[in-house]
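The structure appears below as structure tokens.
One-based numbering, in listed order, for ligands and for the atoms of each. For clarity, every value in this text was computed on a predicted model and none was experimentally measured. We count residues from 1, following the sequence as given.
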Amino acid sequence: MSIFERLAEPPTPLLIVLSGPSGVGKTTLTGRLVERGWPGHVMVTVTTRRPRPGEVDGVHYHFRTAEQFHAMIARGELLEHAEVHGNWYGVPAPMARERLEAGQDVILTIDPQGAKTIREKVNGAIFVFVAPESLETLTRRVDNRGHDSPEQRALRLLNAEREMAEAPSYDYIIVNREGRLDEAVQQLEAIFTAEHCRVNPRRPIF
Ligand code: 5GP
């Protein structure tokens with residue numbers, strides 16, 4: 001294929017795995033990205049966690065029972081699944097594949113265990129770590145969300161310290177600084193731009 005034939009092809013859809021400790025603001029970041037007109041798709045994942053007030057099935061998560069979740073695993077429908085702070089979460093593979101085949105970039109916002117699995121199972125994904133500026137700011141955010149029992153809070157923070165140690169194995173790192181969300185969103189947009197400008201864009205295969 002000549003270079004001009006290649007340039008006439010539609011852009012390669014990208015799969016970005018956005019991970020980092022829970023409470024760091026991954027969902028806020030992707031929410032703002034969408035608000036700014038990003039044309040890609042943020043995957044709605046499946047969980048056995050109960051909906052929090054205001055959460056809607058199919059919008060925030062696909063809320064399922066443990067039985068339904070384990071049936072999905074048995075049918076091989078989850079690209080990865082992990083137990084996070086006592087609940088199960090997983091990425092529906094057919095939905096991710098459908099979006100990529102339709103030419104859309106896809107973001108998976110998942111925990112670092114899930115990111116590890118995706119690294120083993122998917123060729124050509126791009127890994128972005130979202131970090132807090134300090135463990136103190138993360139603690140404050142988790143407390144302000146006020147969703148957690150004291151046990152869950154302690155578990156989240158213990159996990160966060162361990163998860164931060166994994167940042168060096170990612171392709172990119174974004175620090176989500178207090179009061180500077182737009183800066184973090186611009187960095188994420190810049191990553192998409194740069195990855196689409198690769199001579200050989202990374203094509204996700206799974
Ligand atoms: P929360 O219950 O607070 O919405 O999410 C808890 C953590 O689970 C967050 O770090 C979130 O990114 C992560 N998570 C959400 N969906 C998935 C998924 O499909 N797989 C994995 N491994 N983690 C997920």
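- No side-chain donor-acceptor contact under 3.5 Å links Glu133 to the backbone of Val175.
- If you check the side chains of Asn159 and Arg156, you find no donor sitting under 3.5 Å from an acceptor.
- Of the listed residues (Asp105, Val106, Ile191, Thr30), just one forms a side chain to side chain contact (heavy atoms under 4.5 Å, CB included) with Ile16, and that residue is Ile191.
- Listed by chain and residue number, the protein contacts of ligand 1 are Ser22, Lys26, Thr45, Arg49, Arg52, Tyr61, Glu80, Ala82, Val84, Tyr89, Gly90, Val91, Thr109, Ile110, Asp111, Gly114, Arg145, Arg156 (heavy atom within 4.0 angstrom).
- In this structure, Leu158 stands alone, with no Ile, Leu, Val, Met, Phe, Trp or Tyr side-chain heavy atom under 4.5 Å from its own, directly or through other members.
- Using cut-offs of 30° and 60° on the angle between ring planes, the pair Trp88 and His70 is perpendicular.
- Looking at Lys26, its side chain never comes within 3.5 Å of a backbone N or O of Leu18 through a donor-acceptor pair.
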